[in-house]
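All remarks here apply to the structure that follows.
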Amino acid sequence: LNNLSSLQKDKVEKSNIRNVAGLDLASLLRVFERNWFVITSSFFVNNKEREKIRRMQEIRNDWAHITPQDINKKKVIDDVNVIIELMQTFDATMKETRDMENFIFQNPVKLIMGKGMIARLAKEIPSDKRIMITFGGGSVKKNGVYDQVKEALKNHFTVEFWGIEPNPAIETLRKAIALGKEEKVDYLLAVGGGSVIDGTKLISAGILYDGDAWDLVLAGRPVTHTVPLSTVLTLPATGSEMNNGAVISRRETKEKYPFYANYPIFSILDPEVTFTLPPHQVACGLADTYVHVMEQYMTTPGQSRIMDRWAEGILQTLVEIAPKIRENQHDYQLMADFMLSATMALNGFIAMGVSQDWATHMIGHEITALHGLTHGHTLAIVLPATLQVLHEEKGDKLLQYGERVWGITSGTREERIDEAICHTEEFFRSLGLTTRLHEENIGQETILEIERRFNERGAKYGENGNVTGAVARRILETAL
Ligand code: NZQ
Ligand code: ZN
């Protein structure tokens, strides 16, 4: 710091700056230039690079005092090139670093968790409500959930709507909306997995809308004029029980899009109801939960320590419980942790002030729409390939993830990144899922169709808005 100009020294003293991190660009460059020999002994750069520092000082001084007349295309390009060369010399990454973003957080969902809690329905829903209960294909009749719900609501007015299928279809939901209007229902209770809950979110908006509910999906705007809705969750995966999102499909055209409405009023989570889940649904639920965390975590490093640690905590929990759950799905403690992990992964708690990706999900939705593959399964195929293709820009975070979640502490940067991606794919395989498109007989034709669809809608997904049709194609080709 002794080599700074007197003006700069003055500033450093007044602002009590104690290390180089506090310096502005002009002072930094001067420290660099004047301490060149000390610095090059640890950076191994040759003397020619010193010229770049000098040029950079000129650029800095030029731009500090530039007038509009002096700015022209050539100067901008020349100067930017010097900056790029300088950064490359020192192995600096070109991506921007970001601070924590401003945010407003409010999650109004009342979470009611534990054994026998379905009985609480009687108290939680006002007795004068006209309730429509929505169900899937009948699993709740076999595992006793239906009986518990009916018993709890025996003194309430209820109508039932059955048949909301996995990846709920607008074609089915229109019928539910018609029934809801006819019965003048003023409360909805979704009993099932993410599909029943998502479908019911659209029903809650559709009942109060005069046109076709598919318009609401296509409009892409959150709908807040809705009938109140609560849920009894039977499948941990989507987080739909504690968020305001939904994903609605249209069978006719093989389309699948996100939709946003109001949050549920309350959600009842009894881990015992998950004991009857088919093992494939458990695997897909674990994968979905894992990828939800990754979409909000595997982005820009250093935005928030607390968000990172929460996200890593959920990932570590999943890595710990997944093999045990595959051995014994009737372990209450394990299923309780699974259920809570899934809810916490997508209720906004790990998203505060950090950038989010969601490219894997957008690509996965297309695979489900075109081939009917279960949602979580598509993510197990797409995520490792997304990490591979975007490993440059996600590199720093991949290193952190590798170390904290998988204990990878040795090897070169590239080796460690590779290993972290391998562990991720292996994790999905250990759940019993395939992780390559060819294993599901999906090939080039689908890849081109997804690229076409993304291009048509001008897709720019991912935290840096750079996952376009062409990038999605590279990701899918990597997943072949
Ligand atoms: O229909 P029934 O007979 O009930 O059977 C279901 C269904 O066949 C069965 N099942 C559910 N609970 C069970 C059970 N079987 C035995 N015992 C139980 N306790 O499981 C099958 C799959 O159910 P589904 O609801 O489709 O699964 P999931 O919860 O994974 O939901 C998937 C849907 O949610 C969307 C997905 O895109 C997909 O459409 N997502 C919603 C999100 C959200 N709202 O925030 C985010 C997610 O990323 C996801 O995209
Ligand atoms: Zn998901």
Side-chain angles (χ1 to χ4, degrees), residues 109 118 134-146 148 161-170 172-173 190-202 217 229 231-251 255-264 267 269-296 329-330 335 338-339 342-343 345-348 351 356-369 372-380 382-383:
V109 181
I118 293 176
T134 52
F135 300 100
S139 67
V140 291
K141 282 227 164 133
K142 291 189 206 127
N143 61 12
V145 171
Y146 175 75
Q148 290 183 56
F161 182 84
W162 287 87
I164 300 182
E165 62 281 83
N167 311 306
I170 184 66
T172 306
L173 302 174
V191 180
S195 294
V196 174
I197 300 175
D198 281 11
T200 309
K201 284 180 184 164
L202 185 67
V217 178
L229 150 86
T231 86
V232 174
L233 179 71
T234 63
L235 195 172
T238 62
S240 190
E241 66 280 6
M242 204 172 174
N243 66 40
N244 65 342
V247 193
I248 310 296
S249 299
R250 184 173 171 193
R251 294 282 180 273
E255 289 169 285
K256 188 176 188 203
Y257 300 122
F259 164 75
Y260 297 90
N262 280 320
Y263 289 77
S267 282
L269 276 59
D270 179 347
E272 282 190 326
V273 311
T274 64
F275 292 175
T276 55
L277 277 167
H280 183 66
Q281 290 299 336
V282 172
C284 289
L286 287 164
D288 195 17
T289 305
Y290 198 93
V291 181
H292 289 160
V293 177
M294 292 292 270
E295 301 274 26
Q296 300 160 85
Q329 201 187 299
H330 292 250
M335 294 313 262
F338 174 18
M339 227 173 181
T343 302
L346 197 47
N347 62 1
Q356 301 184 40
D357 182 338
W358 298 106
T360 294
H361 264 73
M362 297 315 286
I363 299 171
H365 288 335
E366 296 299 332
I367 299 176
T368 300
L373 228 63
T374 305
H375 171 65
H377 189 183
T378 66
L379 307 176
V382 179
L383 180 72

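All ligand and atom numbering here is 1-based and tracks the order in the structure.
By the ring pair (Phe, Tyr, Trp, His ring centres under 6.0 Å) test, Y263 pairs with no residue at all, sequence neighbours left out. For the side-chain contact (heavy atoms from CB on, under 4.5 Å) test, residues two or more places apart in sequence or in another chain that qualify with T238 are S240, E241, D288. Residues satisfying the side-chain contact (heavy atoms from CB on, under 4.5 Å) test with N262, not counting sequence neighbours, are T224, T226.
With distances taken over non-hydrogen atoms, the option nearest atom 24 (P) of ligand 1 out of G193, S195, G138 is S195. Nearest to atom 36 (C) of ligand 1 by heavy-atom distance, out of E295, K256, K201, is K256. When T374, L277, I248, N143 are ranked by how near their heavy atoms come to atom 13 (C) of ligand 1, first place goes to L277. In this comparison of H292, H377, K141, the heavy atom closest to atom 47 (C) of ligand 1 sits on H292.
The nearest protein atom to atom 28 (P) of ligand 1, hydrogens excluded, is given as G194 N, 3.7 Å; this is a heavy-atom distance. What sits closest to atom 41 (C) of ligand 1 on the protein, heavy atoms only, is D198 OD2, 3.0 Å. Annotation: atom 11 (C) of ligand 1 to nearest protein heavy atom, T234 OG1, 3.5 Å. Scanning all protein heavy atoms for the shortest distance to atom 34 (O) of ligand 1 gives T238 CG2, 3.3 Å. When only non-hydrogen protein atoms are considered, atom 17 (N) of ligand 1 lies nearest to T276 OG1, 2.8 Å. Ranking protein heavy atoms by distance to atom 38 (C) of ligand 1, first place goes to N167 OD1, 3.3 Å. Considering only non-hydrogen protein atoms, atom 45 (O) of ligand 1 sits nearest to N243 ND2, 3.0 Å. Ranking protein heavy atoms by distance to atom 5 (O) of ligand 1, first place goes to S139 OG, 3.7 Å.
Interface atoms of ligand 1 facing P278, defined by a heavy-atom separation under 4.0 Å, are 15 (N), 16 (C). Of all atoms in ligand 1, listed by their number and element, those nearer than 4.0 Å to a heavy atom of V247 are 37 (O), 40 (N), 41 (C), 50 (O). Close approach of ligand 1 to S240 is summarised as follows: ligand atoms under 4.0 Å from at least one heavy atom of the residue are 44 (N). Near P166, meaning under 4.0 Å from any of its heavy atoms, are these atoms of ligand 1: 7 (C), 8 (O), 26 (O). Numbered from 1 in the order shown, with element, the atoms of ligand 1 that lie under 4.0 Å from a heavy atom of G136 read 1 (O).
Considering backbone and side-chain atoms alike, I164 places every N or O at 3.5 Å or more from each N or O of ligand 1. Among the atoms of G245, some N or O lies under 3.5 angstrom from an N or O of ligand 1. Every N/O-N/O distance between V140 and ligand 1 stays at or above 3.5 Å.
Note that the CE atom of M362 and the CG atom of D357 stand 11.5 Å from one another [nearest 0.5 Å].
Side-chain contact between L229 and K201: present, with at least one pair of heavy atoms (C-beta onward) separated by less than 4.5 Å. With contacts defined as side-chain heavy-atom distances shorter than 4.5 Å, the pair H292/Y290 does not qualify. When side chains are defined from C-beta on, N167 does not count as touching V247, because their heavy atoms never get closer than 4.5 Å. Side-chain contact between F338 and T289: present, with at least one pair of heavy atoms (C-beta onward) separated by less than 4.5 Å. A heavy-atom distance below 4.5 Å is found between the side chains of V217 and L202. Contact annotation: the side chain of H377 never approaches that of V382 to less than 4.5 Å [non-hydrogen atoms, C-beta and beyond]. In this structure the side chain of V191 never reaches within 4.5 angstrom of the side chain of T231, judged on heavy atoms. Side-chain contact between E272 and M335 is absent, with no heavy-atom pair separated by less than 4.5 Å.
No side-chain donor-acceptor contact under 3.5 Å links E165 and S195.
Ring-centre distance between F135 and F161: not below the 6.0 Å cut-off.
A donor-acceptor contact shorter than 3.5 Å is absent between the side chain of Q281 and the backbone of G285.
The residue from L286, V282, T274 that alone fulfils the side-chain contact (heavy atoms from CB on, under 4.5 Å) condition with P236 is T274.
Contacts of A246 with ligand 1, taken as heavy-atom pairs under 4.0 Å, involve the backbone alone. At a 4.0 Å heavy-atom cut-off, ligand 1 does not touch E165 at all.
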Using the rule given for side-chain hydrogen bond (donor to acceptor under 3.5 Å, both in side chains), can you reason through Y146 versus Q148, listing the C-alpha separation, both sets of side-chain angles and the distance that settles it, and then say yes or no? CA-CA 5 Å; Y146 175 75; Q148 290 183 56; over 6 Å; no

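Note on the Zn ion (ligand 2): protein N, O or S atoms under 2.8 Å away count 4, no waters included.
For the ligand labelled ligand 1, residue G285 lies outside the 4.0 Å heavy-atom shell.
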